[in-house]
Student: 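The structure is given below, and queries will be raised subsequently.
Within every chain, numbering begins at 1; the chains are lettered A, B, ... in the order of the sequence lines, protein sequences first and strands thereafter.
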Amino acid sequence: MERYSVKLDSSFYERDTPEVARALLGCLLVSRIGRKNSLVSGIIVETEAYLGETDPGSHAFRGRTPRTDPMYGEPGRAYVYLIYGKYCLLNVVTRPVGTAGAVLIRALEPVEGIEIMKERRACQDLRDLTTGPGKLTLALGITLDHNTVDLTQDLLWVEPRTAGEIQVSSRIGVSDHQALRYFLKENRFVSRRH
DNA sequence: CCGGCGATCAGCT
DNA sequence: GCTGATCGCCGGG
């Protein structure tokens, strides 16, 4: 698995959450979960920023609990949680230790390991493999076991890339009007148009 | 293409 | 006991 790769480091993730959410667009999310010799990866095309305790849309709004503890931890780690009893959602932790913040990864454009993704998703349609936060975790093999995994190490990581034009909207399933959702303009793997 | 609905369970009240 | 940062299936236009 000695592929040449530069990984985003903890200083990238330590910044303010909306800044990290924007900067992650265009970057490559790579997983070697469950595979020793093959990688599964995709370009991040859609993210959402979840701020700290002042953000009603954030789990941290109700303070620090066993579940939200990772959001207060080291930047550059994963915060993975279960939603609707079924789907694992992947966030990357932002901001310095002791301050809550996380970016939800909402959609990817598949790049490597497409056959593995099709197997894991039990789905042949490329367009449907990773176009949602619960879909992409399945495609990459991410489960609750990967909560707090260090994204600067070699199980699950992000490689820097530059992005095209970015569009902004309110967050999916959050009923405030804060513009904290970011996605690549005219990318067909974004989960929703608006 | 789009809207409605049920599944399923950890975390919090 | 209630709820959700979702998804897939089903039916109608």
Student: Does the structure place the NZ or CZ of A/Arg77 under 6.0 Å from the centre of the six-membered ring of A/Tyr79, at an angle of no more than 45° from the ring's axis?
Tutor: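 No, A/Arg77 does not sit over the ring of A/Tyr79.
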Student: Report the distance from atom OH of A/Tyr84 to atom P of B/dC12, rounded to the nearest whole Å.
Tutor: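 After rounding, the gap between these two atoms is 17 Å.
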Student: I'd like to know if A/Tyr81 reaches the base of C/dA5 with its side chain, counting only an N/O donor and acceptor under 3.5 Å.
Tutor: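 It does, because a donor-acceptor pair links the side chain of A/Tyr81 to the base of C/dA5 below 3.5 Å.
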Student: Give a yes or no answer on whether the side chain of A/Thr162 reaches the backbone of A/Gly26 with a donor-acceptor pair at less than 3.5 Å.
Tutor: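 Checking the backbone N and O of A/Gly26 against the side chain of A/Thr162, no donor-acceptor pair under 3.5 Å is found.
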Student: What's the closest nucleotide to the side chain of A/Arg67 if the choices are C/dA5, B/dC12, C/dG4?
Tutor: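 The listed nucleotide nearest to A/Arg67's side chain is B/dC12.
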Student: Is the side chain of A/Glu46 donor-acceptor paired with the backbone N or O of A/Ser191 at a distance under 3.5 Å, no angle test?
Tutor: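 Yes; at least one donor-acceptor contact below 3.5 Å.
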Student: Could you tell me how far apart A/Ile172 (CD1) and C/dC7 (P) are, to the nearest whole angstrom?
Tutor: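 Rounded to the whole Å, the gap is 10 Å.
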Student: Between A/Asp16 (side chain only) and A/Pro18 (backbone N and O only), is there a donor and an acceptor less than 3.5 Å apart?
Tutor: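 Side chain of A/Asp16 to backbone of A/Pro18, a donor-acceptor pair under 3.5 Å: no, none is there.
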Student: Write down the distance between CZ (A/Arg64) and C1' (B/dG11), rounded to a whole number of angstrom.
Tutor: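 Value for this atom pair: 17 Å.
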Student: Should A/Arg121 be listed as having a side-chain N or O under 4.0 Å from OP1 or OP2 of C/dG8?
Tutor: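 Answer yes for this pair, as a side-chain N or O of A/Arg121 is under 4.0 Å from OP1 or OP2.
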Student: Rounded to whole angstrom units, what separation is found between the CG atom of A/Leu82 and the P atom of C/dT3?
Tutor: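 Whole-Å distance recorded here is 18 Å.
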Student: Does the Lys NZ or Arg CZ of A/Arg106 fall within the cation-pi geometry relative to A/Phe183 - under 6.0 Å from the ring centre and within 45° of the axis?
Tutor: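 No.
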Student: Provide, to the nearest angstrom, the distance between the CG atom belonging to A/Asp125 and the P atom belonging to C/dG8.
Tutor: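 A/Asp125 atom CG is separated from C/dG8 atom P by 11 Å.
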Student: Which of the following nucleotides, C/dC7, B/dC12, C/dT6, is nearest to the side chain of A/Lys135?
Tutor: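 The nucleotide sitting nearest to the side chain is C/dC7.
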Student: Of the options B/dA10, B/dC12, C/dG4, whose atoms approach the side-chain atoms of A/Ile83 most closely?
Tutor: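 The nucleotide sitting nearest to the side chain is C/dG4.
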Student: Can you tell me the distance, in whole Å, between the OH atom of A/Tyr182 and the C1' atom of C/dA5?
Tutor: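 Atom OH in A/Tyr182 sits about 15 Å away from atom C1' in C/dA5.
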Student: Measuring from atom CD of A/Glu112 to atom CZ of A/Arg32, what distance do you get when rounded to the nearest 0.5 angstrom?
Tutor: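 Here the interatomic distance stands at 14.0 Å.
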Student: If you compare every side-chain N and O of A/Arg106 against the phosphate oxygens of C/dT6 (OP1, OP2), does one of them come in below 4.0 Å?
Tutor: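 For C/dT6, OP1 or OP2 has a side-chain N or O of A/Arg106 closer than 4.0 Å.
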Student: Counting Watson-Crick and G-U wobble pairs with both distances under 3.5 Å, what is the dot-bracket string for DNA chain C, 5' to 3', using [ ] for crossing pairs and | for pairs to another strand?
Tutor: ||||.|||||||.
Student: Quick one: does A/Arg121's side chain have a donor or acceptor within less than 3.5 Å of a partner on A/Asp128's backbone?
Tutor: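 Checking the backbone N and O of A/Asp128 against the side chain of A/Arg121, a donor-acceptor pair under 3.5 Å is found.
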Student: Write down the distance separating the C1' atoms in C/dG8 and B/dA10, rounded off to the nearest Å.
Tutor: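 Between the two C1' atoms, the distance is 22 Å.
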Student: Hey, does the Lys NZ or Arg CZ of A/Arg171 hover above the aromatic six-ring of A/Tyr50, less than 6.0 Å from the centre and inside 45° of the axis?
Tutor: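 Checked: cation-pi criterion met.
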Student: Kindly give the heavy-atom pair with the smallest separation between A/Pro110 and A/Ile114, and that separation in Å.
Tutor: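 Closest heavy-atom pair between A/Pro110 and A/Ile114: CB-CG1, 4.0 Å.
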Student: Below 4.0 angstrom, which residues in residues 85-100 of chain A have at least one non-hydrogen atom near DNA chain C?
Tutor: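 By residue number: A/Gly85, A/Tyr87, A/Leu89, A/Asn91.
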